[in-house]
Protein chains: 2
Amino acid sequence: MPTSTYDIDAAIPAPERARHIDLARELAQRIAAGDPPVGALLPTETELCHSTGLSRYAVRQALHKLTGLGLIERQAGVGTRVLASQPPTRYVQAMDGLSDLTRYAEGTSFTATVRERLTADARQAALLRSAPGAKWLHLSGLRTSAGALPEPIALVDIYVADEVSRLSKLPKVGQVFGVPVYQLIEAQYGLRVTRVDQEIQGVCIDGEAAAALRVEPGTPGLRIIRTYLQGERAIEVTTGLHPASRFSYTMSFRQSA
Amino acid sequence: MPTSTYDIDAAIPAPERARHIDLARELAQRIAAGDPPVGALLPTETELCHSTGLSRYAVRQALHKLTGLGLIERQAGVGTRVLASQPPTRYVQAMDGLSDLTRYAEGTSFTATVRERLTADARQAALLRSAPGAKWLHLSGLRTSAGALPEPIALVDIYVADEVSRLSKLPKVGQVFGVPVYQLIEAQYGLRVTRVDQEIQGVCIDGEAAAALRVEPGTPGLRIIRTYLQGERAIEVTTGLHPASRFSYTMSFRQSA
DNA sequence: GAGTGGTCTAGACCACGAA
DNA sequence: TCGTGGTCTAGACCACTCG
């Protein structure tokens, strides 16, 4: 039985680092080896206290660490259950805000050429994830670089759900605009976009679009469709048409700790 | 001065939930109000113990929660510093493994038509993020749906860095193949991909590519370039050419708790 | 040297789940 | 009813920072 009086431990120049970390590592290795297999219960806190000679506090710290790693699950009255033998390797693309989605838009501005209220037909309803007959505010325009010679960057369509479309600072036709519309909605209606779905398609730019973007008909491009949702409700949908020569979409996925 | 003998508190039917959570919430509100402004120090643990009547353990639990929220930063010998007045709203696209990147590949198979070792010229070096003259293993082939009539899905090129290219289970020319190459590298060299960079371009599919994919010349498509890195070293690069009619890239970003 | 947060002990009461 | 984990107290020693 390890007595572990505090003075004794203090006299020793410290064995390693924190003991709860050692214990966590040891338990993780045992779990990896399948000692308590997935789905089985780990020893109780009391048992671990006795077997390790540590206090309950230290044992709980170790188990807390394993919980954070997703290795175990704890429930009062039941015990500590093994969830996985290996900490799952996850990869994430993280953003510090939705503005990262449209970072390319920095140094550019949006000029509206169309502003109308529309009632969705069948085709539009599919894009807008709403029932046919639903009302939306529709803006259409051109995004241009803010430099001396304003090169068109993208043809943009913005749809705003009727319930959140009474926005005081919305761009007027012909007006240059800088703020993302979803930010106006969040500010004015006090809600938060909880999810953004994004689809990227390859397209050939023809006809009017080619003329507006000042590229040759048949030029390759990207169509990006973003749906901003609060919960399951789509509150804004944007589509952008980007000439491939002026835009490519890059992202980076990192292994999450 | 709250005496807070344990029996007294126990006799009361529990005020709310855990007291450390109440304290965390109160501190978060104060920080939001700028009481200790960003960059300043919070009261020390001892002061919080006195002002709240809680034990140091409970106070530390509350501060630990705020640390997890990214609101504060702690350092022994210095104190508790306010990092932000609001918990940053982050959005993440999470994957439970890199196979999610190529989920579309399920139910498809890769058939190699080219297998060679190459020495990167200037143009290839840029794609492969290595110096000109570096050696890579190059596979080229077609990804087809596994159904009865094998429709070509994508033209694929795979480049494997020389140091990790001695792979026993690598696809041979003409052979149907199912496992992602990065998994072979991870398994055989005992390393882990820590980052994947991805670029998506819009293209028009012409010439040989159109013939191989059995689409009309001038058909729109997507080119997807993935770079698999361990640390800062690129160990594999893949490019895929997908007809737009058979593939679009979708992703979803969620607000992270 | 005084004070900070990091670690740890040895107790205790509680809500909850299972027998 | 019994044992689980969740919460909490009141002490303690340590490494570290700073004046």
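In what follows, chains are A, B, ... by sequence order, proteins preceding strands, each numbered from 1.
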Pair A:R25 + A:D22, salt bridge at N-O below 4.0 Å:
yes

Taking only the side-chain nitrogens and oxygens of B:T80, find out if one of them lies under 4.0 Å from OP1 or OP2 of C:dG5.
yes

Taking all atoms of both residues into account, what is the closest heavy-atom pair of A:L184 and A:F177, and its distance?
CD1-CZ, 3.8 Å

A:R74 side chain near D:dT4 phosphate (N/O to OP1/OP2, under 4.0 Å)
no

Shortest side-chain distance from A:Q75, nucleotide among D:dT7, C:dG17, C:dG5:
C:dG17

From CD of B:E47 across to C1' of C:dG3 the rounded distance in Å is 11 Å

Could you check whether the side chain of B:R56 and the base of C:dT7 have a donor-acceptor pair of N or O atoms closer than 3.5 Å, going by distance alone?
yes

Distance, rounded to the nearest Å, where A:L48 contributes CG and D:dG3 contributes P:
17 Å

Starting at atom OH of B:Y57, determine the distance to atom P of C:dA10, rounded to an integer number of angstrom.
16 Å

Assign each of A:R60 and A:G79 to its nearest nucleotide of DNA chain D by heavy atoms, then name whichever residue's nucleotide is nearer the 5' end.
A:G79

Could you check how far NE2 of B:H50 sits from C1' of C:dT4, rounded to whole Å?
14 Å

Inspect the contact between B:R129 and B:E232 and indicate whether a charged nitrogen and a carboxylate oxygen are less than 4.0 angstrom apart.
no

Taking B:E236 for its side chain and B:V160 for its backbone only, find out whether a donor-acceptor pair lies under 3.5 Å.
no

Given atom CG of A:L63 and atom P of D:dT4, what is their separation to the nearest angstrom?
13 Å

Nearest whole Å is fine: how far is D:dT17 P from B:R81 CZ?
13 Å

Hey, which sits more toward the 5' end of DNA chain C by its nearest nucleotide, A:V78 or A:L54?
A:L54

Is a salt bridge present between A:E199 and A:R226, judged by a nitrogen-to-oxygen distance below 4.0 Å?
no

For A:H64 and C:dG6, what is the distance between atoms NE2 and P respectively, to the nearest whole Å?
14 Å

Could you please name the option among C:dG17, D:dG6, C:dC8 that lies closest to any side-chain atom of A:E45?
D:dG6

To the nearest angstrom, how far is B:Q61 atom CD from D:dT9 atom C1'?
12 Å

Closest listed nucleotide, where the reference is the side chain of B:S55 and the choices are D:dT7, C:dT7, D:dT9:
D:dT9

Do B:R19 side-chain and D:dT9 base share a donor-acceptor contact under 3.5 Å?
no

